[in-house]
Colleague: 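Input: one structure, supplied below.
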Amino acid sequence: MSNIFAIILAAGQGTRMKSKLYKVLHPVCGKPMVEHVIDHIGSLEVERVVTVVGHGAELVKETLGDKSEYVLQAEQLGTAHAVQQAEPILGSLEGTTLVVCGDTPLIRPETMQALFAHHEANHAKATILTAVAENPTGYGRIIRDAAGQVAQIVEQKDASAEQQLVKEINTGTYCFDNKALFAALKQVKNDNAQGEYYLPDVIEILQKQGEVVAAYVTENFDETLGVNDRFALSQAEELMRARINERHMRNGVTIINPATTHISADAVIGSDSVLLPGVIIEGQTVIGEDCKIGPNSHIVNSQIGNNTTIHSSVVLDSQVGNETAVGPFAHLRPQSTLGDHVKIGNFVEVKKSKLGDDTKVSHLSYIGDAEIGSNVNIGCGSITVNYDGKNKFKTTIEDDVFVGCNSNLVAPVTLKKGSFIAAGSTITKEVPEDALAIGRARQENKLGYVSKLNSK
Ligand code: UD1
Ligand code: CA
């Protein structure tokens, strides 16, 4: 699509959210609403994207980065005034401009594309994306003339009782002839219930000039939901969750109970992986094929290989290899890297550590700031003693080491290849290759002592 521009309106505070966070930054399935909007636009071939920022301008810019150009609307005088701020960038260009609100995260690129095609086919100066709402309260209503042509859009607060009965609503998404848009904006007035410059007024202005104004009615109202308060936010979350889950299921992922499975918008999951109930997958997580995740696992910004199991566990900012088993009840904290065929069993915490292939930590251990080779066995209850209250120290365990149960490895310390730590040892010195280290008090048996005590 050549000569296509987009303007995203994202300057409002979002008073109805009753929040310290600016409205368009509220996440839906883990991603700020306005970022959903911009990513959808990004999948169309739009030449320039301009985001109008105001409240929280710096934070919005930081969130969207170089996905957009920005203009500042210092005072929020209404949606028409917001669009006008883009004039220095777009005002003189020939082309078509798509205007989208930053608080409608569900409108799919396909729908924007269809709106655009309708606009082109009708040689219109403006085309509104409309939908029919069961409950239209709060939305601008589409008022059509006797011939069925769009005459104007009336906001909820300005609508007569009769107009309020209209169920066709303005979704806040439009296509405009760019030059006609900026010319018409100059004529918009603020003599309405809210004292604001309304973008929808441009429709009536163009219509009265005898220009072609069209409407494209989308079948799917859900998609056009505008998020103005926390209730709508929860609806958007539910709709987006269902959409994301469906996409994965159609791609070959089994989701046993979609209602309790939360997957971020950008996560990738390989085919034949199974998600059991209670799974939350956040951020830029990538899960391979044939994995079994859950029940009840929380995975954030992590990469999981193929054929791996994550059972009732938490995995944060970590990498897990192939054919590896984690959990139940394990906690992988950030910067942990597990190789292939690794086993992390119940009540094991791993932090900022690397574990080589075929290494096993099966029960009740803490592994922190450690570099562990392959084919190592860490016995039940063993810990890396990595912290002296001020600084953290590293534990190095080379390949084929066996650490007996309930050992303390006081870092900094190295266990050389093939060494063997006797159960219950406290290891403070390097253990040479192939050596047995025993660091515990010797056992002494006092014969007959118990009956002597009992006879007192
Ligand atoms: C708007 C439309 C309404 C439509 C609805 C669809 C207007 C006047 N009304 O109503 O017809 O049915 O969207 O969801 O346009 N914004 C700015 N600067 C401003 C004011 C708003 O950037 O000065 C931004 C907001 O951040 C938001 C978007 O524009 O992202 C829409 O504003 P909002 O106040 O939510 O409009 P609605 O009342 O929902
Ligand atoms: Ca809105």
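For ligands, and for the atoms within them, numbers begin at 1 and follow the listed sequence. On a predicted model such as this, the values are computed, not experimentally measured, just so you know.
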Colleague: So is Val24 polar-close to ligand 1, meaning N/O to N/O under 3.5 Å?
Modeller: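 N/O-N/O distance under 3.5 Å: no.
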
Colleague: Has Ala10 got any heavy atom lying under 4.0 angstrom from an atom of ligand 1?
Modeller: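 Heavy atoms of Ala10 do come under 4.0 Å of ligand 1.
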
Colleague: Anything under 3.5 Å between a donor and an acceptor, one on a side chain of residues 276-287, the other on a protein residue two or more places apart or in another chain? List them.
Modeller:
from, atom 1, to, atom 2, distance (Å)
Glu282, OE2, His298, NE2, 2.6
Thr285, OG1, Glu282, O, 2.7
Thr285, OG1, Asn301, N, 3.0
Thr285, OG1, Ser302, N, 3.2

Colleague: So, with waters excluded, how many protein N/O/S atoms does the Ca ion (ligand 2) have closer than 3.0 Å?
Modeller: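 For the Ca ion (ligand 2), protein nitrogen, oxygen or sulfur atoms under 3.0 Å: 2.
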
Colleague: For the residue pair Thr130 / Glu168, report whether a side-chain donor-acceptor contact shorter than 3.5 Å exists.
Modeller: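 Per modelled atom types, Glu168 and Thr130 side chains form a pair under 3.5 Å.
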
Colleague: Do Lys23 and Asp103 sit within salt-bridge range, that is, some charged N less than 4.0 Å from a carboxylate O?
Modeller: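 Salt bridge between Lys23 and Asp103, a charged N being under 4.0 Å from a carboxylate O: yes.
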
Colleague: When you look for heavy atoms under 4.0 Å from ligand 1, do you find them on the side chain of Thr224, its backbone, both, or neither?
Modeller: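 No part of Thr224 is near ligand 1 at this cut-off.
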
Colleague: Return yes when Leu77 approaches ligand 1 closer than 4.0 angstrom through a heavy atom, no otherwise.
Modeller: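 It does; at least one heavy atom falls under 4.0 Å.
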
Colleague: Out of Gln156, Arg16, Gln76, His55, indicate the one that has the non-hydrogen atom closest to atom 38 (O) of ligand 1.
Modeller: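 The option holding the nearest heavy atom is Arg16.
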
Colleague: Under a 4.0 Å heavy-atom limit, does His81 contact ligand 1 with its side chain, its backbone, both, or neither?
Modeller: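 Within the 4.0 Å criterion, His81 makes no contact with ligand 1.
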
Colleague: May I ask you to check whether Arg108 and Gln113 show a side-chain donor-acceptor distance below 3.5 Å?
Modeller: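 No - no donor-acceptor pair under 3.5 Å links their side chains.
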
Colleague: Just to be sure I read this right, does ligand 1 sit under 4.0 Å from the backbone of Ala11, its side chain, both, or neither, counting only heavy atoms?
Modeller: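 Both backbone and side chain.
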
